[in-house]
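Accompanying notes for the structure given below.
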Number of protein chains: 2
Amino acid sequence: MFSIGELSRRTKVKVPTIRYYEEMGLLAEAERTSGNQRRYDKAGLERLSFIRHARDLGFSIEAILSLIELQDHPDRSCETATDIAVSQLADVREKIKRLKLLEKELKRISDGCDGHGVSENCYVLASLADHELCEREH
Amino acid sequence: MFSIGELSRRTKVKVPTIRYYEEMGLLAEAERTSGNQRRYDKAGLERLSFIRHARDLGFSIEAILSLIELQDHPDRSCETATDIAVSQLADVREKIKRLKLLEKELKRISDGCDGHGVSENCYVLASLADHELCEREH
DNA sequence: CTTGAACCTCTAGTCACTAGAGATTGTAGA
DNA sequence: TCTACAATCTCTAGTGACTAGAGGTTCAAG
């Protein structure tokens with residue numbers, strides 16, 4: 001049995017965040033000492049690792065809640081879990097696509113400027129002001 | 001002179017968002033009709049387009065505030081604007097890098113599952129639970 | 001038995017909006 | 001000119017996923 005601080009150290013999840021996860025129903029309510037402090041065991045550690053890992057992968061709290069519900073009903077099909085992962089993947093790919101376009105434009109913008117006065121037509125400001133200067137839609 | 005709704009239609013920025021930008025100091029306080037409704041001119045339209053474009057590129061409100069301040073003091077060097085753009089570009093590249101790692105892992109995860117029961121070792125759930133299954137750190 | 005780090009709950013703040021209530025205004029058609 | 005009613009106004013509260021701080025209590029080492 002270990003304290004919330006120990007759990008925090010082991011999982012790299014901050015203490016208030018752990019309490020927040022409990023409040024959100026991601027973590028079961030922890031056992032308490034006679035003095036009302038939370039105590040965790042290996043199961044708690046594992047669940048928090050799961051949550052942290054899923055959050056790192058960009059899953060929303062809500063999605064994780066579904067995943068957890070699934071774990072607690074092992075009779076159901078794995079399909080839902082796969083659906084959630086697949087939709088997460090689509091999300092990530094969309095984000096990458098958008099960011100790559102932005103990267104291109106930002107590179108173009110920041111390469112165009114070389115430290116002259118703003119009054120003499122700063123390319124950064126001009127580019128932002130005038131969408132016509134973009135190479136493509138975004 | 002046009003209304004906030006018209007401005008919204010032209011810039012694709014929602015009406016409450018326009019009011020929010022005004023409150024945040026990104027947009028100057030608009031002129032008003034005798035009945036207290038906001039009226040905008042070409043200058044307002046241009047500034048809002050600038051803001052929208054910068055937001056699309058992921059600049060924070062705070063960064064845009066700096067950029068606007070720069071526009072209003074054309075005597076200063078363009079360097080600050082370039083710095084902001086360059087740091088934005090670094091941000092975007094970092095995000096792309098991270099997302100690509102996630103994409104890889106998510107692909108691996110969602111490919112591994114084919115609809116069998118969760119109890120028989122669903123790969124999605126197992127992967128999330130056990131970081132050891134990751135190909136690399138994230 | 002004392003000290004002080006760690007813990008507790010609670011409220012409020014973050015960012016960039018978004019939604020809704022309830023009241024007022026602008027404008028097009030009769 | 002009157003009447004609808006869409007659009008506008010202000011204000012408050014909610015979103016997601018935390019983070020920060022106040023003020024009080026408990027645990028564990030010395």
Side-chain angles (χ1 to χ4, degrees), chain A residues 1-27 29-41 44 47-48 50-68 84 87-88 91-92 95 98 102, chain B residues 1-27 29-41 44 47-48 50-68 84 87-88 91-92 95 98 102:
Chain A
M1 295 298 252
F2 35 86
S3 69
I4 196 168
E6 182 60 26
L7 185 64
S8 167
R9 240 163 286 127
R10 293 201 199 190
T11 57
K12 317 274 178 223
V13 176
K14 287 181 188 154
V15 168
T17 305
I18 297 174
R19 290 198 275 248
Y20 169 75
Y21 287 161
E22 183 182 310
E23 199 183 48
M24 291 299 101
L26 291 183
L27 287 172
E29 292 195 11
E31 279 180 60
R32 303 285 184 129
T33 63
S34 57
N36 200 34
Q37 297 196 355
R38 290 170 179 82
R39 285 299 112 106
Y40 297 90
D41 57 8
R47 172 152 285 189
L48 186 53
F50 173 91
I51 294 166
R52 190 198 130 93
H53 194 179
R55 286 291 303 128
D56 275 353
L57 292 173
F59 290 86
S60 70
I61 298 270
E62 212 192 318
I64 297 173
L65 229 31
S66 309
L67 255 15
I68 283 174
I84 293 171
S87 122
Q88 189 58 33
D91 252 40
V92 166
K95 276 182 197 151
R98 273 186 57 82
L102 299 193
Chain B
M1 295 299 255
F2 36 87
S3 70
I4 196 168
E6 180 63 25
L7 185 64
S8 168
R9 239 164 285 125
R10 293 200 198 189
T11 55
K12 316 274 179 226
V13 177
K14 287 179 190 157
V15 169
T17 305
I18 297 174
R19 290 197 274 249
Y20 170 75
Y21 286 161
E22 183 181 309
E23 198 181 49
M24 290 300 100
L26 291 183
L27 285 172
E29 292 195 11
E31 279 180 60
R32 302 287 184 129
T33 63
S34 56
N36 200 34
Q37 298 195 356
R38 288 169 182 82
R39 284 300 112 104
Y40 297 90
D41 57 8
R47 171 153 285 189
L48 185 53
F50 174 91
I51 294 167
R52 189 199 130 92
H53 194 180
R55 285 294 301 129
D56 276 353
L57 292 173
F59 290 86
S60 71
I61 298 270
E62 213 192 317
I64 298 174
L65 229 31
S66 309
L67 254 15
I68 283 174
I84 294 171
S87 122
Q88 190 57 32
D91 252 42
V92 167
K95 276 184 195 149
R98 273 186 57 84
L102 299 191

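Reminder, nothing fancy here: chain letters follow the sequence lines and each chain counts from 1.
- Distance, A:Glu29 CD to C:dC8 C1': 14 Å, rounded to whole Å.
- Taking atom CG on A:Leu27 and atom C1' on D:dC18, their separation rounds to 14 Å, with Å as the unit.
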Inset, instruction - Would you check, one step at a time, whether the test side chain to side chain contact (heavy atoms under 4.5 Å, CB included) holds for B:Ile68 with B:Ile51? - result: CA-CA 9 Å; B:Ile68 283 174; B:Ile51 294 167; 4.3 Å; yes
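- Rounding to whole angstrom units, CG of residue B:Asp56 and P of C:dC17 are separated by 10 Å.
- For D:dC9, the OP1/OP2 oxygens have a side-chain nitrogen or oxygen of B:Arg38 closer than 4.0 Å.
- Protein atom NZ of B:Lys12 is 19 Å distant from nucleotide atom C1' of C:dT18, rounded to whole Å.
- A straight line from CD1 of B:Ile18 to C1' of C:dT18 spans 14 Å, rounded to a whole angstrom.
- Of the listed nucleotides (C:dC8, C:dG26, D:dT8), C:dG26 has the atom at the smallest distance from the side chain of B:Ser34.
- Counting any heavy atom pair closer than 4.0 Å across all strands shown, B:Arg32 reaches sugar-phosphate atoms only and no base atom.
- Ionic pairing of B:Glu22 and B:Arg19 is not present here: no N-O contact between side-chain nitrogen and carboxylate oxygen is shorter than 4.0 angstrom.
- For the side chain to side chain contact (heavy atoms under 4.5 Å, CB included) with A:Phe59, the lone residue among A:Asp91, A:Leu65, A:Ile64 that qualifies is A:Ile64.
- A:Ser3 has no side-chain polar atom (N or O) that falls below the 4.0 Å cut-off from OP1 or OP2 of D:dC27.
- The side chain of B:Thr17 lies closest to C:dC17 when the candidates are C:dC7, D:dA7, C:dC17.
- The B:Val15 side chain lies nearest to D:dT8 when the options are D:dT10, C:dT18, D:dT8.
- Whole-Å rounding puts the A:Gln37 CD to D:dT26 C1' distance at 5 Å.
- Other residues, nucleotides and ligands contribute only 12 or fewer heavy atoms inside 6.0 Å of the CD atom of B:Glu31.
- Atom CD1 of A:Ile4 is separated from atom C1' of D:dT26 by 14 Å (rounded to the nearest Å).
- Counting any heavy atom pair closer than 4.0 Å across all strands shown, A:Arg19 reaches a base atom.
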Report, one pair per line, the protein and nucleotides 11-16 of chain C atoms (nitrogen or oxygen only) whose separation is under 3.5 Å.
from, atom 1, to, atom 2, distance (Å)
C:dA16, O3', B:Arg55, NH2, 3.4

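- Computed from coordinates, the B:Lys14 NZ to C:dC17 C1' distance equals 9 Å when rounded to whole Å.
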